[in-house]
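Shown next, in C-alpha cells, is the structure this report addresses.
Note on naming: letters A, B, ... go to the chains in the order of the sequence lines (proteins, then strands), and numbering restarts at 1 for each one.
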Amino acid sequence: MFDQYIVCEEGFRALSDGRTGGVVEVRMPYYRGLTLSMVEAVDLTLDGQPVPPARTTFTVHGNSYRFDELPTVTDDRWEMGERAELAFETDQPLAAGEHDVAVSVRLRISYMPVPGGGRDRKRLVLAA
Amino acid sequence: MFDQYIVCEEGFRALSDGRTGGVVEVRMPYYRGLTLSMVEAVDLTLDGQPVPPARTTFTVHGNSYRFDELPTVTDDRWEMGERAELAFETDQPLAAGEHDVAVSVRLRISYMPVPGGGRDRKRLVLAA
Amino acid sequence: MSTPEHRIKRGVSLYSFQEEYFLRTLTLEDCIRVAGDIGARGIEIIPEQSIPGYPHLTDEFVDTWYAWMGKYGTTPVATDLFLDTKLHPDRRLTLDEQIASVHRDIDIAVRLGATIIRAIINTPPEVMEGAAPYAEEQGVRLLLEVHAPFHYEHPWILDHLEVMHRTQSPALGLMPDMGTFVERFPRVVSDRALRDGARPELVEYIVKTYDDHGDTHALMDIMNYRHGGPVEIGLARQATHYIWTDPRSMLPHMPLIGHVQAKFYEMTDEGTEYSIPYDRIVPVLVEGGFDGYLSSEYEGNRHVQDAFPVDSVEQVRRQHAMFARLLGEQKDPVLPTPRTLGAGPGTGPHTTGTGSH
Amino acid sequence: MSTPEHRIKRGVSLYSFQEEYFLRTLTLEDCIRVAGDIGARGIEIIPEQSIPGYPHLTDEFVDTWYAWMGKYGTTPVATDLFLDTKLHPDRRLTLDEQIASVHRDIDIAVRLGATIIRAIINTPPEVMEGAAPYAEEQGVRLLLEVHAPFHYEHPWILDHLEVMHRTQSPALGLMPDMGTFVERFPRVVSDRALRDGARPELVEYIVKTYDDHGDTHALMDIMNYRHGGPVEIGLARQATHYIWTDPRSMLPHMPLIGHVQAKFYEMTDEGTEYSIPYDRIVPVLVEGGFDGYLSSEYEGNRHVQDAFPVDSVEQVRRQHAMFARLLGEQKDPVLPTPRTLGAGPGTGPHTTGTGSH
Ligand SMILES: [Mn+2]
Ligand SMILES: [Mn+2]
C-alpha cells in the first residue's frame, strides 16, 4: 500500500551545505506512523547506483539521524504520510536534469512474521 | 533435506595447476538429480569472505563449467548424491590447517513457487 | 420489510480516509467534518495514524479534538491500539512492557473520550488479562479485533475467549471486523491484478475458486503450475487472507461484542458492498441485540489508487446510505450525491460491466 | 479378524532408501536386493534419482536392471516422472515440449518394464490429456499423484478428474500418496524442531492444533505473536503442508487408482505408523477392490538425520511387517529383525516416551 507515493516528486534538490549530493523526500508505505527503531532501511539507488546507507542521513520533522542510529531511537517516529528528507552524498555534484531515483523501505512490523515496507522508483528533475 | 551433506569433509585441497586457490567437493541438497540449467547458484564463502562466482568453476563427472555457462546446459546433470568439484581462485595460497567453508546452493525446481536448495557450513582441514 | 427495533448506531473509523490523510488532501479536522456530514456520528481514530507526536497528546490538541466533536455533531467512540512487540531490533517486549504499552493507550483513549479500544490481533491473551483491571478502572473496554483469516473457532481466538470467559472481566471483549465475511473475492483486488499484468484466465481461476468456497490452499502452487508470475502468485496469496464465515457465528459471542468494524472494499453503484453481504449481516447484529456502532473501514483505496482518483468520502457516504436503509432510518440523513465521473471504479465505468464478474 | 479376499500387492519405491543411496552406503542393486529380502516384490523407481546419465539409458544398464529383477525376485511396477517446466531460466516449456517430456519418460518406463508412471502434481491436465494417446499406445498408465496439501475435492484435482472422465482414457488415472491421511502431526518432525531449538510450548501448540484438526491457517502468525523465531515459524508452515482427509474419500475414485504410494514418516516399536492410520486405510483399499501395489515411501530420514543414524531398511521392513499383517498374509515372509540400538528414533529411546506426545 502507498508504494507509489514513497518517492516524492517535489523537493528533489542538491545539498546546500557545500558537499556534493542531494536530498530526496520520501514517505513511508504504511497506514500509520512508526517509531524510528522499527525503520530498518530506507535504501536509495540513484541512476542505477546504490548509495551506501553510511552516506545518507534521515530527517523527520527537523530531527536528523544516521541510519546506524535508528535502531535505538524509540522516542521519535516517522509519521503517517510525513515527508522525510533522505540526504545523500555523491562523489560528483548532481547533474542538472532528470535522475532515476529508486527507494526501498523496510519496516519491522510486529504483527507480521516477515518485514513490511515497499519500493518505488521515479524519474525526478533536479530543482534548480 | 540433505543440507548437512552439502559440504563434503573429504577432498578439500589446494589447486594443483599452479594457480592459488582450492577445491571443495559439494553435493546437492535434493532427492533427485537436476539438469545443470536449473542449478542457479553454488555460492562459496571461505573463512568469512564470499568468493565471487566468476572465480569458481563447477565440475560434475569430469565436465567443467563456468557458472555463467550453466543456464544454457540442458544436456548434463548434477546427479543425486554426486560430489561435484567447486574449484575456486584466491589471491593468496590457501593456508595449511582449518578453514571455514560455507556453501549455499540455489535450485530452480519447477513444482515450487520459490527457489529450492540449502546451505551448509563446516570447518575443513586442507589436505596436505 | 420493516427493521425490528434496535439500538445500533453509525460511525466511521478515520482509517477510512487514509488515502486523503496520507496525501494531506484532507486534514484530521476535514475527516471529522466529513463523518458528521455523512451522519456517521461515532468516531473511531487510530491515534498513531493521525495524531502527530503520538504517544504524547498536548492539552491543546485535546481541547481542539473536543471542539471538533461539538462543532461537527460527532462523538468519540473508539481508538485502535497496536502492540509493538518488536520495538527493539534485538529482543521482544516483556509481558510487563506489553501491558504498560496497553496502559499508555488506555490513557490516550480516556483523554480522547473513547470508551472502547481496538486491541490488535497480535495482542496475546495474557496481555489482555493483565491490562483488564486498569481498563476497568478507567472505564474503557479492550476489544480484540477478530480479523481475517482468524475467525470465531480459530485457536488464537479460542485462547482469547478462554481468558474472557474465565475472568468475566467487563473490560474485555471482541471487535468483529467484517472482513471475516467476504463472500465474493473483492473486485477491486482482482481488477488491480489485471492492471498489474496478471493473465485474465488465472485471475478468473482464483476468483472462481474463492467464490465457489473451494480450497484456496495451494492456489499459489497452482499459479506456479500454470506459469503464473509474481502478480498471480501474490493474488493467490491474498485469496488465503480473505475468508467467508457465517455471520451467525457472531451470535454466541454477542455479549462480548462492543463495536463492529464495518470493513469494505467497494460500494457499487447499486448501493451494495461488492463482496460482503451487509444485507445479511446487519439483521444478525439486530437479532443478537448489538447496541454499539457500525464503524466504517474503507479499504479499497490501496487497490484503485494506481489507476483512479481515490474518493474515500464518496465510498463511505454510499456505505452509510446502505446502513441507513438497513437500519430502517425513517428520514435518511445521508442523501446520495450525484455521481462524479472518474472518481474511482465504483463510480466509474463499472456500470458497463468491466471485469469478468 | 480375517482380511477379506483381495489382490493388493506389496512393493517399495526406491525413494525410500534415499538417505543411503545419497551417501552411497547402498548401491542401486543393494536397494533392489533389500526390497526383495523384505518381500516387497514390486519396484518403483525414480529414474532421475538413481539412474546416472538419465534420460539416456544404456542397453547395458537395462540388461543389468532385468538381471537384478530376476536375481532378487522383484518386478518393475512404476517409474516417477517430473516435469521441468522451468528448465530454461527465461521461459517456461511449451505445451508441446511438456508433452514431449512425458513421452520421453514413457519410453523410459517401457524400457524398464514398468506399466505405471507417477505424474508429478505440477503436470497440467492438458499435458496429461495430450500424452494419453502415446501412453495408451505404449501400454502404460499415467497416474497423477494426489499429494498433500491437495486432496480429492481440491480444484486442481477436480480439473484433472474432468479430463479423466471426459476422455475416458484407459491411460489416465490417480496415484494416491498416503501423506493426505496424516491424522497426527509427525513426531519425527516436531522432535526435530525441538532439537533445532524451538520452544517446547510452541511446538506443543502447533502439534495440538494440528492433532485437534484445528485451523492451521495463521499458525505462522501465531508463532510470530508468541515471539517464535524461524524454527517455530517453519514448523507452523509445515503444519499447513500435512493434511488429514477421510481415507474413504478414495472410494469414488477407485477405478482410476492404479498404484498407492505408501508414504510414511515413522514406524514405531509397536509396529504402527505414528501419524497415518494404515489399519483404517488398508481396509478401504480392500473394500474398494484396489488391485495394485502398496509402494513404500519412507520419508522420515530427513527429519532424523541430524541426530540419529538413518536406518531406512529397518523402517521399510517394519512397514511391510505391518502390511503383511493388515493384508492377512498367512505366512509372514517378513520377520522382524532384533532391535538395534541407536538406529533412529523408531528403534531408539522413544520406547521410554520421549517427546510430549
Ligand atoms: Mn479492522
Ligand atoms: Mn509420493
Side-chain angles (χ1 to χ4, degrees), chain A residues 1-11 25-41 53 60-63 65 67-84 105-122, chain C residues 13-28 45-56 80-93 97-98 101 119-124 145 147 150 156 192 196 237 297-307 310:
Chain A
M1 68 183 84
F2 300 138
D3 287 19
Q4 69 192 59
Y5 304 134
I6 296 174
V7 175
C8 301
E9 289 175 9
E10 303 83 16
E25 297 189 2
V26 292
R27 289 177 291 206
M28 185 171 49
Y30 191 32
Y31 66 82
R32 63 165 175 145
L34 201 64
T35 304
L36 291 178
S37 63
M38 293 178 276
V39 177
E40 292 188 338
V60 287
H61 41 274
N63 304 328
Y65 303 93
F67 273 95
D68 62 11
E69 292 177 305
L70 288 188
T72 60
V73 180
T74 56
D75 63 351
D76 202 355
R77 290 156 51 80
W78 195 359
E79 302 289 358
M80 193 255 207
E82 177 182 12
R83 294 170 172 233
V105 177
R106 194 175 69 253
L107 309 171
R108 195 173 59 252
I109 295 174
S110 298
Y111 57 81
M112 291 181 170
V114 297
R119 299 165 180 273
D120 189 20
R121 183 179 167 187
K122 290 190 174 76
Chain C
S13 171
L14 303 185
Y15 171 84
S16 295
F17 307 119
Q18 65 187 259
E19 185 86 7
E20 291 85 349
Y21 183 75
F22 184 95
L23 296 174
R24 306 290 190 261
T25 55
L26 290 181
T27 64
L28 178 54
I45 181 170
I46 305 179
E48 54 192 291
Q49 175 175 91
S50 41
I51 303 183
Y54 170 92
H56 307 293
D80 290 37
L81 74 74
F82 291 81
L83 191 61
D84 288 321
T85 53
K86 301 179 188 172
L87 178 67
H88 307 289
D90 55 359
R91 69 176 183 87
R92 306 278 188 118
L93 294 191
E97 287 174 322
Q98 291 178 70
S101 174
I120 191 162
I121 192 68
N122 67 302
T123 310
E145 180 178 355
H147 189 286
F150 296 90
W156 182 249
R192 172 70 182 262
D196 288 343
R237 183 178 298 112
E297 279 196 326
Y298 175 55
E299 212 173 81
N301 70 298
R302 64 183 69 155
H303 304 297
V304 307
Q305 67 188 183
D306 62 313
V310 174

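The minimum heavy-atom distance between Pro71(A) and Pro89(C), with the atom names listed, is O-CD, 3.6 Å. In terms of heavy-atom proximity, Gly81(A) sits nearest to Arg24(C) at C-NH2, 3.5 Å.
Note that OG1 of Thr72(A) is 10.5 Å distant from CG of Asp90(C), once rounded to the nearest 0.5 Å. From Glu19(C), atom CD reaches atom CZ of Phe2(A) across 5.0 Å, with rounding to the nearest 0.5 Å. Note: Ile120(C) CD1 to Ser110(A) OG = 8.5 Å, rounded to the nearest 0.5 Å. Interatomic distance, Asn301(C) CG to Met1(A) CE, rounded to the nearest 0.5 Å: 8.5 Å.
Both the backbone and the side chain of Leu87(C) come within contact range of chain A, judged by heavy atoms closer than 4.5 Å. Of the atoms belonging to His56(C), not a single heavy atom falls under 4.5 Å from chain A. Using a 4.5 Å cut-off between heavy atoms, Ile51(C) contacts chain A through its backbone alone, with no side-chain atom that close. With a 4.5 Å cut-off on non-hydrogen atoms, Ser37(A) touches chain C through its backbone and its side chain both. Both the backbone and the side chain of Tyr54(C) come within contact range of chain A, judged by heavy atoms closer than 4.5 Å.
Side-chain atoms of Arg27(A) and Leu23(C), non-hydrogen and from C-beta on, do get closer than 4.5 Å to each other.
Between the side chain of Lys86(C) and the backbone N or O of Tyr111(A) there is no donor-acceptor pair closer than 3.5 Å. Judged purely by atom type and a 3.5 angstrom limit, Gln49(C) has no side-chain atom pairing as donor or acceptor with the backbone of Gly33(A). Of the possible donor and acceptor atoms, none in the side chain of Glu48(C) sits under 3.5 Å from a partner among the backbone N and O of Leu34(A).
Surrounding CZ of Arg121(A) are at most 12 heavy atoms belonging to other residues, nucleotides or ligands under 6.0 Å away. At most 12 non-hydrogen atoms from other residues, nucleotides or ligands lie less than 6.0 angstrom from CZ of Arg119(A).
Using cut-offs of 30° and 60° on the angle between ring planes, the pair Phe82(C) and Tyr31(A) is tilted.
When each of Arg32(A), Arg77(A), Arg108(A) is checked for a salt bridge (charged side-chain N to carboxylate O under 4.0 Å, His left out) with Asp84(C), only Arg32(A) meets the rule.
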Can you check side chain to side chain contact (heavy atoms under 4.5 Å, CB included) on Thr35(A) and His88(C), steps first, answer last?
CA-CA 10 Å; Thr35(A) 304; His88(C) 307 289; over 6 Å; no
